[in-house]
There are 2 protein chains.
Amino acid sequence: MILIVIIFVTIKNITTFVINMNNTRFATIIHILTLLAKNPGEWMNSDWIAGSINTNPVIVRKELGVLQEQGWVTSRKGKDGGFILNISSDEITLAELYKVVKNSDVLGKKNLNPNPQCPIGKDINKNLETLFTETDDLVFASLQRKTLKSFMEQF
Amino acid sequence: MILIVIIFVTIKNITTFVINMNNTRFATIIHILTLLAKNPGEWMNSDWIAGSINTNPVIVRKELGVLQEQGWVTSRKGKDGGFILNISSDEITLAELYKVVKNSDVLGKKNLNPNPQCPIGKDINKNLETLFTETDDLVFASLQRKTLKSFMEQF
DNA sequence: CTTAATGTAACAAAGTTTGTTACAAATATC
DNA sequence: GATATTTGTAACAAACTTTGTTACATTAAG
């Protein structure tokens with residue numbers, strides 16, 4: 001008995017139906033900080049870090065620039081240069097990390113100009129704002145209870 | 001017995017994960033459903049709905065297609081056609097709405113191929129998965145306590 | 001038959017994120 | 001001082017997402 005099953009599936013324009021927000025920045029900076037926290041006092045360079053994450057050293061340096069602005073990291077140029085953690089890992093909460101890379105609300109964005117002459121359109125964004133803020137606050141509160149140290153100690 | 005299965009799948013532009021929802025789909029579908037809930041028994045057409053949201057009717061019909069798949073909405077073609085709510089608004093939680101539109105974690109996507117020879121890289125995605133899931137569950141639990149009805153009654 | 005509406009494919013435009021190249025500036029070591 | 005190495009950053013390119021648009025087949029009412 002020969003059963004030949006040919007399943008031919010063509011999926012077109014899949015992005016129309018799939019919500020995708022692509023952003024690895026949280027994953028990237030927590031990876032960087034975990035590496036630095038695990039290697040205190042060592043000047044780790046962007047090439048090495050990029051090799052661990054499997055990304056580009058320039059991306060790593062850009063993110064490290066952000067982390068320096070927060071005062072969490074110090075850099076040293078030149079030979080044997082690199083980056084070290086500038087603060088104890090239990091002084092950084094994941095909420096602070098999230099804040100650094102967050103660029104929209106958890107539930108997304110509001111539509112820009114709902115119709116002010118429609119009873120729903122008139123108030124939708126005010127009511128969404130309440131809902132979106134409440135949801136974000138919940139995430140923040142949870143992340144505030146977690147530190148880089150506790151994350152790092154899992155490794 | 002010989003079983004030959006040929007699965008030929010052409011998938012264009014499928015992507016994987018996301019950080020913050022950087023889009024308006026949640027706002028759009030909750031707007032649509034609020035309109036329908038506020039006008040029970042009325043066949044509202046996509047043009048009218050689009051006018052309230054201030055977007056394109058085709059976008060609205062696409063989203064309404066998704067809502068129909070959930071069984072929440074019924075459509076009628078032709079003259080005097082349109083859409084009505086097919087279920088009581090207190091039977092739809094915002095968690096269900098979110099699920100329809102969400103395809104990524106709140107904290108974003110993971111880096112794809114962290115270095116398995118690095119102690120951090122080796123385990124980072126496993127540990128991020130735990131954190132990401134916990135955060136998502138929190139959001140989901142909160143939204144599960146809210147219904148379309150309670151949202152709609154604010155207007 | 002005409003008019004009006006959904007359903008959906010295909011494409012276009014706009015926007016965002018990630019990766020790359022290039023090079024100046026800084027620093028350690030010889 | 002010369003050399004090698006590393007950060008800092010701008011400018012650009014590539015890849016990917018999201019939203020909007022056009023077009024038209026299908027359905028239904030009158």
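So you know, we letter chains A, B, ... as the sequences are listed, proteins then strands, and number each from 1.
- Aromatic pair A:Phe140/A:Tyr98: centroids less than 6.0 angstrom apart.
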Self-check item: Base versus backbone protein contacts along nucleotides 23-30 of chain C [heavy-atom cut-off under 4.0 Å; B, S, -]
Solution: ---BBS--

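- In this entry the distance linking CG of A:Leu67 with P of D:dT7 reads 14 Å, nearest Å.
- Proximity of B:Thr74 to B:Trp43: side-chain heavy atoms (C-beta onward) are separated by under 4.5 Å at one or more points.
- Looking at heavy atoms from C-beta onward, A:Met152 lies in side-chain contact with A:Lys38 at the 4.5 angstrom threshold.
- Within the structure, salt bridge (charged side-chain N to carboxylate O under 4.0 Å, His left out) contacts touching residues 127-141 of chain B (residues at least two apart or in different chains) are A:Lys146-B:Glu134, B:Lys102-B:Asp136, B:Lys110-B:Glu129.
- You'll find that the side chain of A:Val58 is closest to C:dT21, out of D:dG8, C:dT21, C:dT18.
- Between A:Glu69 atom CD and D:dG8 atom P there is a gap of 11 Å when expressed in whole angstrom units.
- Of the candidate nucleotides C:dG19, C:dG7, D:dT21, C:dG7 has the atom lying nearest to any side-chain atom of B:Gln68.
- Computed from coordinates, the A:Asn56 CG to D:dA13 C1' distance equals 13 Å when rounded to whole Å.
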Let me check something: any side-chain donor-acceptor pairs from residues 50-57 of chain B under 3.5 Å, sequence neighbours excluded? List them with distances.
unit_1: B:Ser52; atom_1: OG; unit_2: B:His31; atom_2: NE2; d: 2.8
unit_1: B:Asn54; atom_1: ND2; unit_2: A:Asn113; atom_2: O; d: 3.0
unit_1: B:Asn56; atom_1: OD1; unit_2: B:Val58; atom_2: N; d: 2.8

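- One can place CD1 of A:Ile84 at 14 Å from C1' of D:dT7, the figure rounded to the nearest angstrom.
- When the side-chain nitrogen and oxygen atoms of B:Ser75 are compared with OP1 and OP2 of C:dG7, one or more of them lie within a distance under 4.0 Å.
- The ring pair (Phe, Tyr, Trp, His ring centres under 6.0 Å) test applied to A:Phe151 returns A:Phe155, not counting sequence neighbours.
- Checking the phosphate oxygens (OP1, OP2) of C:dT18, a side-chain nitrogen or oxygen of A:Thr24 falls inside 4.0 Å.
- Residue A:Ile29 contributes atom CD1, which lies 12 Å from atom P of C:dT18 at whole-angstrom precision.
- Contacts of B:Gly65 with the nucleic acid, taken as non-hydrogen atoms under 4.0 Å apart, are absent.
- Contacts between residues 39-52 of chain B and DNA chain C, defined by a heavy-atom separation below 4.0 Å, involve B:Asn45, B:Ser46, listed by number.
- Listed candidates were C:dT21, C:dG19, D:dT21. Nearest to the side chain of B:Lys62 is D:dT21.
- With rounding to whole Å, B:Asn23 atom CG is found 12 Å from C:dT16 atom C1'.
- In the hydrophobic cluster analysis, where Ile, Leu, Val, Met, Phe, Trp and Tyr join through side-chain heavy atoms closer than 4.5 angstrom, A:Ile29 is grouped together with A:Leu94.
- A donor-acceptor pair under 3.5 Å is formed between the side chain of A:Ser150 and the backbone N or O of A:Thr147.
- Regarding B:Leu64, its CG atom lies at a distance of 14 Å from the C1' atom of C:dT8, rounded to whole Å.
- Taking atom CD1 of residue A:Ile59 and atom P of nucleotide D:dT9, one finds them 15 Å apart after rounding to whole Å.
- Donor-acceptor pairing under 3.5 Å is lacking for the side chains of A:Thr135 and A:Asp105.
- At the phosphate of C:dT18, neither OP1 nor OP2 sits under 4.0 Å from any side-chain N or O atom of B:Asn111.
- Every residue two or more places apart in sequence or in another chain was checked for a salt bridge (charged side-chain N to carboxylate O under 4.0 Å, His left out) with A:Asp80, and none qualifies.
- The side chain of A:Phe83 approaches D:dT7 more closely than any other nucleotide in the set D:dT7, D:dT19, C:dT18.
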